[in-house]
Asks: 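First the structure, which I've put down as structure tokens, then a few questions once you've had a look.
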Amino acid sequence: MSVRTQLRRRRTIPALLIALAASTLVAGEASAAPPVADSGPDATAVAGTDAQLSGSVSDPDGDALEIRWMMTVVSGGDVSTCTFSGPWSWAPVTPQGLSPTLSCTQPGEYLLQLVVGDGTSSDDDTGALVTFTDPDTTPATCSFRPWTKRVTSLRIADAESGVESYTVLHTFNVAIKPLSGMWSPPLPSATLQWARSGRGPGVALVSHTNGAGLSGECVLFVRRNGTARVVN
């Protein structure tokens with residue numbers, strides 16, 4: 001073997017090693033995928049109650065992850081009225097940290113964004129919109145329909161929180177059915193059938209509770225001539 005051939009081989013081997021090392025580094029960088037954060041679905045709750053969040057995180061490389069949440073007032077809200085059970089600063093991933101609760105006494109819209117990091121890169125998504133509505137301060141109301149073959153209906157309704165339960169507390173010369181009802185979740189309205197059991201005047205007292213826990217009563221008065229009215 002000539003001296004020229006040996007020199008050519010010595011130059012070729014280091015060049016191959018450098019190329020292989022460079023390709024290995026490029027492949028290693030390409031495989032370092034960032035983590036992924038998902039803040040979960042939007043939520044709605046009455047102001048002063050808890051709204052439940054449901055976030056999730058993942059990492060293609062199986063790296064150890066840390067999370068934190070960010071909150072922004074979108075409209076009408078006030079951060080100073082809020083209580084949050086999740087981490088605002090970086091903390092290890094826990095079920096409680098991924099599914100925290102938020103409670104704000106000020107109605108409005110709040111954006112909660114989950115952020116995840118693997119030590120070298122981080123990710124956050126568009127966030128979950130949490131809406132706190134004004135608390136319901138009005139109980140359900142009762143109304144009735146005209147007579148139909150000596151039978152008519154008493155309707156209990158609450159368009160905001162629904163009707164959770166009712167009980168007929170007292171009747172005189174009025175037959176009502178059913179005498180009670182309970183629903184979970186609450187219904188927009190409940191209908192009771194009633195009729196005079198005799199010819200004279202009658203009365204019925206009904207207690208009801210709406211989905212916000214507000215209780216009320218209504219009284220059905222039936223006059224001797226059959227006309228009726230409801231007092232809430």
Asks: Partners of Pro188 by side-chain contact (heavy atoms from CB on, under 4.5 Å), sequence neighbours excluded?
Replies: none
Asks: Supply the atom-to-atom distance Glu164 CD to Trp183 CH2, rounded to the nearest 0.5 angstrom.
Replies: 10.0 Å
Asks: From Leu220 CG over to Thr171 OG1, what is the distance, rounded to the nearest 0.5 angstrom?
Replies: 10.5 Å
Asks: Mind checking the OG-CD1 spacing from Ser197 to Ile176? Nearest 0.5 Å is all I need.
Replies: 10.5 Å
Asks: Is there a path from Leu179 to Val222 through hydrophobic residues (I, L, V, M, F, W, Y) whose side chains come within less than 4.5 Å of each other?
Replies: yes
Asks: State, with a plain yes or no, whether a side-chain heavy atom of Thr83 is found less than 4.5 Å away from one of Leu102.
Replies: no
Asks: Side chains of Phe221 and Val231, heavy atoms from C-beta outward: is any pair under 4.5 Å?
Replies: yes
Asks: Has Met182 got more than 12 heavy atoms of other residues, nucleotides or ligands less than 6.0 Å from its CE?
Replies: no
Asks: Look up atom OG in Ser89 and atom CH2 in Trp69, then write down how far apart they are to the nearest 0.5 Å.
Replies: 14.5 Å
Asks: Using only atom types and a distance under 3.5 Å, with no angle test, would you say the side chain of Asn173 pairs donor to acceptor with the backbone of Gly200?
Replies: yes
Asks: Considering only distance and modelled atom types, tabulate donor-acceptor pairs under 3.5 Å from the side chains of residues 203-215, sequence neighbours left out.
Replies:
| from | atom 1 | to | atom 2 | distance (Å) |
| --- | --- | --- | --- | --- |
| Thr209 | OG1 | Ser215 | OG | 3.2 |
| Asn210 | OD1 | Ala212 | N | 3.1 |
| Asn210 | OD1 | Gly213 | N | 3.2 |
| Asn210 | OD1 | Leu214 | N | 2.8 |
| Asn210 | ND2 | Asp136 | OD2 | 3.2 |
| Asn210 | ND2 | Thr138 | O | 3.3 |
| Asn210 | ND2 | Asp158 | OD2 | 2.9 |

Asks: According to a 4.5 Å side-chain heavy-atom criterion applied to Ile, Leu, Val, Met, Phe, Trp and Tyr, with indirect links allowed, do Leu154 and Leu169 form part of one hydrophobic cluster?
Replies: no
Asks: So does Val79 get a backbone contact from the side chain of Gln106, meaning a donor-acceptor N/O pair under 3.5 Å?
Replies: no
Asks: For the CG atom of Asp78 and the OG1 atom of Thr105, what is their distance to the nearest 0.5 Å?
Replies: 7.5 Å
Asks: Let's go through Gln52 and Ser99 carefully: what are the C-alpha distance in whole Å and the side-chain angles of both, what is the deciding distance for side-chain contact (heavy atoms from CB on, under 4.5 Å) to 0.1 Å, and is it a yes or a no?
Replies: CA-CA 7 Å; Gln52 182 70 59; Ser99 300; 3.7 Å; yes
Asks: If you take all heavy atoms of Val230 and Phe144, which pair is closest and at what distance?
Replies: CG2-CD2, 3.3 Å
Asks: With a 4.5 Å heavy-atom cut-off, do Phe84 and Cys104 have their side chains touching?
Replies: no
Asks: For Val163 and Ser189, work out which heavy atoms get closest and say how close.
Replies: CG2-CA, 4.1 Å
Asks: Is Thr49 reaching over with its side chain to a backbone N or O of Val46, donor-acceptor style, under 3.5 angstrom?
Replies: yes
Asks: Please list, chain by chain and in numerical order, all residues satisfying side-chain hydrogen bond (donor to acceptor under 3.5 Å, both in side chains) with Asp42, sequence neighbours excluded.
Replies: none
Asks: Can you tell me if Asn232 uses its side chain to pair, donor with acceptor, with the backbone of Cys218 under 3.5 Å?
Replies: no
Asks: Is it true that Val73 and Leu53 fall in one hydrophobic cluster, defined by side-chain heavy atoms closer than 4.5 Å?
Replies: yes
Asks: With Ser180, which residues qualify under side-chain contact (heavy atoms from CB on, under 4.5 Å), at least two apart?
Replies: Thr167
Asks: Any side-chain donor-acceptor pair under 3.5 Å between Asp125 and Ser39?
Replies: yes
Asks: To check you understand the geometry: which heavy-atom pair defines the closest contact between Arg196 and Arg223, and what is its length?
Replies: NH1-O, 3.6 Å
Asks: Quick one, Pro35 and Ser58 - any side-chain contact, counting heavy atoms below 4.5 Å?
Replies: no
Asks: Please identify each residue that fulfils side-chain contact (heavy atoms from CB on, under 4.5 Å) with Val57, with sequence neighbours left out.
Replies: Ala37, Leu65, Ile67, Val93, Leu98, Leu114, Val116
Asks: Please report the shortest heavy-atom distance between Pro186 and Ser161, naming the atom on each side.
Replies: CB-O, 3.5 Å
Asks: Before you tell me yes or no, could you show the steps for Trp88 and Met71 under side-chain contact (heavy atoms from CB on, under 4.5 Å), namely the whole-Å CA-CA distance, both residues' side-chain angles and the distance that decides it to 0.1 Å?
Replies: CA-CA 9 Å; Trp88 293 126; Met71 180 164 66; 3.7 Å; yes
Asks: What residues, two or more places apart in sequence or in another chain, satisfy side-chain contact (heavy atoms from CB on, under 4.5 Å) together with Glu109?
Replies: Val74, Ser75, Leu129, Thr131
Asks: Any idea which heavy atoms bring Ala45 and Ala51 closest together, and the distance?
Replies: CB-CB, 4.0 Å
Asks: Closest approach of Trp194 and Val174, non-hydrogen atoms and distance?
Replies: CE3-CG1, 3.9 Å
Asks: Measure the CG-CD1 distance between Leu192 and Ile156 for me, rounded to the nearest 0.5 Å.
Replies: 5.0 Å
